[in-house]
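Have a look at the structure below, then the notes.
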Amino acid sequence: MTTLLWVALPYACLAVFAAGHVWRWRHDQFGWTTHTSQLLESRLLRLGSPLFHLGAFGVIGGHALGLLVPAALTERVGVSEHAYHVVSLSAGTVTGVMLVAGLALLIARRFVNARVRRVTTTMDKVLYAFLAAMVVLGMAATVGRNMLGGGYDYRETIAVWFRGIFWLQPHTELMTGAPLVYQLHAIGGFLFLALWPFTRLVHVWSAPLAYLWRPYVIYRTRRRAVAAPGPAPAAVRDAGRRRAGSPGR
């Protein structure tokens with residue numbers, strides 16, 4: 001079971017992540033989009049979307065820093081372990097709250113608005129369920145374990161195991177002793193990667209960078225020629241009388 005969870009599952013999910021994107025691009029390029037529903041409802045979207053995306057960027061950045069950057073490297077550049085954890089905990093809490101609020105608004109929008117609910121696919125529902133589960137587990141680890149609990153230094157265990165996956169040397173013993181909430185969060189994270197290519201999340205790889213240097217789009221209206229005013233009814237009547245009274249040739 002240990003090898004299955006902490007070796008086979010991560011590699012299988014990464015393989016599905018890579019192969020799924022290739023398959024999606026080759027067979028469903030027209031579906032490679034956000035499937036936006038802004039035209040159907042914009043009030044909740046206007047508030048929920050920025051909160052969700054800003055919170056997601058912050059959470060992803062925090063995960064990348066905590067999992068990919070070794071503790072020895074941050075100490076080498078002058079950041080103590082205590083300072084790192086204070087910044088990580090405070091920033092993780094703020095971005096996590098933003099993510100929770102934004103996701104809650106987006107989910108509520110999907111089920112409260114009838115028109116948006118009708119265009120919500122089964123895969124959208126699965127995606128939102130996975131996101132909600134991941135957010136709950138992440139907040140439980142950040143707030144419940146590190147802020148309110150006794151704390152846990154994941155950089156010495158989970159981060160080392162995670163980096164070992166890419167070096168083909170996953171240390172499974174580091175995960176067997178990790179708290180359950182961290183184990184579930186790690187498993188859910190890899191399953192989420194496997195789900196990614198089959199959802200609307202593929203649009204993140206199609207960032208419109210060309211918008212930064214493309215020329216402005218100029219909109220022009222097509223003016224129709226104004227029809228010449230017709231003769232007044234009185235003028236038409238008088239002209240008809242004159243023709244009727246004129247002698248024939």
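Residue numbers count from 1 along this sequence.
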Check: Leu44 main-chain N/O paired with Arg109 side-chain donor or acceptor under 3.5 Å: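 Side chain of Arg109 to backbone of Leu44: no pair is present.
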
Do [X] and [Y] share a hydrophobic cluster, counting only Ile, Leu, Val, Met, Phe, Trp and Tyr and linking them when any side-chain heavy atoms are less than 4.5 Å apart?
X      : Y      : value
Val97  : Val59  : yes
Leu51  : Leu54  : yes
Leu201 : Leu193 : yes
Phe111 : Val135 : yes
Val204 : Leu45  : yes

Which word best sums up how the rings of Tyr154 and His85 line up, parallel for under 30°, tilted for 30 to 60°, or perpendicular for over 60°?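 Ring orientation, 0 to 90° scale: perpendicular.
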
Enter the distance from [X]:[atom1] to [Y]:[atom2] here, rounded to the nearest 0.5 Å.
X      : Y      : atom1 : atom2 : answer
Met134 : Leu103 : CE    : CG    : 12.0 Å
Phe166 : Leu67  : CZ    : CG    : 9.5 Å
Thr122 : Leu127 : OG1   : CG    : 12.5 Å
Leu174 : Thr172 : CG    : OG1   : 8.0 Å
Arg110 : Tyr128 : CZ    : OH    : 4.5 Å
Leu105 : Arg46  : CG    : CZ    : 12.5 Å

Is any side-chain heavy atom of [X] closer than 4.5 Å to a side-chain heavy atom of [Y]?
X      : Y      : result
Phe162 : Leu68  : yes
Trp161 : Glu173 : no
Leu9   : Cys13  : yes
Val100 : Met139 : yes
Ile187 : Trp6   : yes
Leu131 : Phe52  : yes
Leu195 : Met123 : yes
Met98  : His53  : no

Under the side chain to side chain contact (heavy atoms under 4.5 Å, CB included) test against Phe17, which residue among Phe190, Trp196, Phe192 passes?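 The single option meeting the side chain to side chain contact (heavy atoms under 4.5 Å, CB included) with Phe17 is Trp196.
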
Search all heavy atoms of Ile165 against all heavy atoms of Pro170 and return the closest pair with its distance.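 Looking at all heavy atoms of both residues, the shortest contact is CG1-CB, 4.1 Å.
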
Identify the two heavy atoms, one from Ala159 and one from Gly66, that lie closest to each other, and give their separation to 0.1 Å.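 That closest heavy-atom pairing would be CB-O, 3.6 Å.
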
Only counting residues at least two apart or in another chain, list the ones meeting salt bridge (charged side-chain N to carboxylate O under 4.0 Å, His left out) with Asp124.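 Result, salt bridge (charged side-chain N to carboxylate O under 4.0 Å, His left out) vs Asp124: Arg200.
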
Under the salt bridge (charged side-chain N to carboxylate O under 4.0 Å, His left out) test, residues paired with Glu81 that sit two or more places apart: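 Listed in chain order: Arg155.
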
After noting the C-alpha distance and the side-chain angles of Tyr11 and Leu168, does the key distance pass the side-chain contact (heavy atoms from CB on, under 4.5 Å) rule? CA-CA 10 Å; Tyr11 286 122; Leu168 302 181; 3.6 Å; yes

Sequence-distant partners of Thr157, side-chain hydrogen bond (donor to acceptor under 3.5 Å, both in side chains), two or more places apart: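 Thr157 satisfies side-chain hydrogen bond (donor to acceptor under 3.5 Å, both in side chains) with Tyr152 once adjacent residues are dropped.
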
Please lay out, stage by stage, how Tyr182 and Arg145 fare under the test side-chain contact (heavy atoms from CB on, under 4.5 Å). CA-CA 10 Å; Tyr182 283 94; Arg145 182 76 186 191; 3.9 Å; yes

NE2 (His82) with more than 12 external heavy atoms under 6.0 Å: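 Count not over threshold, so no.
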
Within a radius of less than 6.0 Å around CZ of Phe57, do more than 12 heavy atoms belonging to other residues, nucleotides or ligands occur?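 12 or below, so no.
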
Could you give me the CA-CA distance, side-chain angles and deciding distance for Phe130 and Thr199, then say whether side-chain contact (heavy atoms from CB on, under 4.5 Å) is met? CA-CA 11 Å; Phe130 257 87; Thr199 68; over 6 Å; no

Determine whether Met175 and Ile158 satisfy the following criterion, side-chain contact (heavy atoms from CB on, under 4.5 Å), listing intermediate values before the conclusion. CA-CA 6 Å; Met175 290 302 297; Ile158 299 175; 3.8 Å; yes

For the rings on Trp25 and Trp205, is their centre-to-centre separation under 6.0 Å?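 When the ring centroids of Trp25 and Trp205 are compared, they turn out to be at least 6.0 Å apart.
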
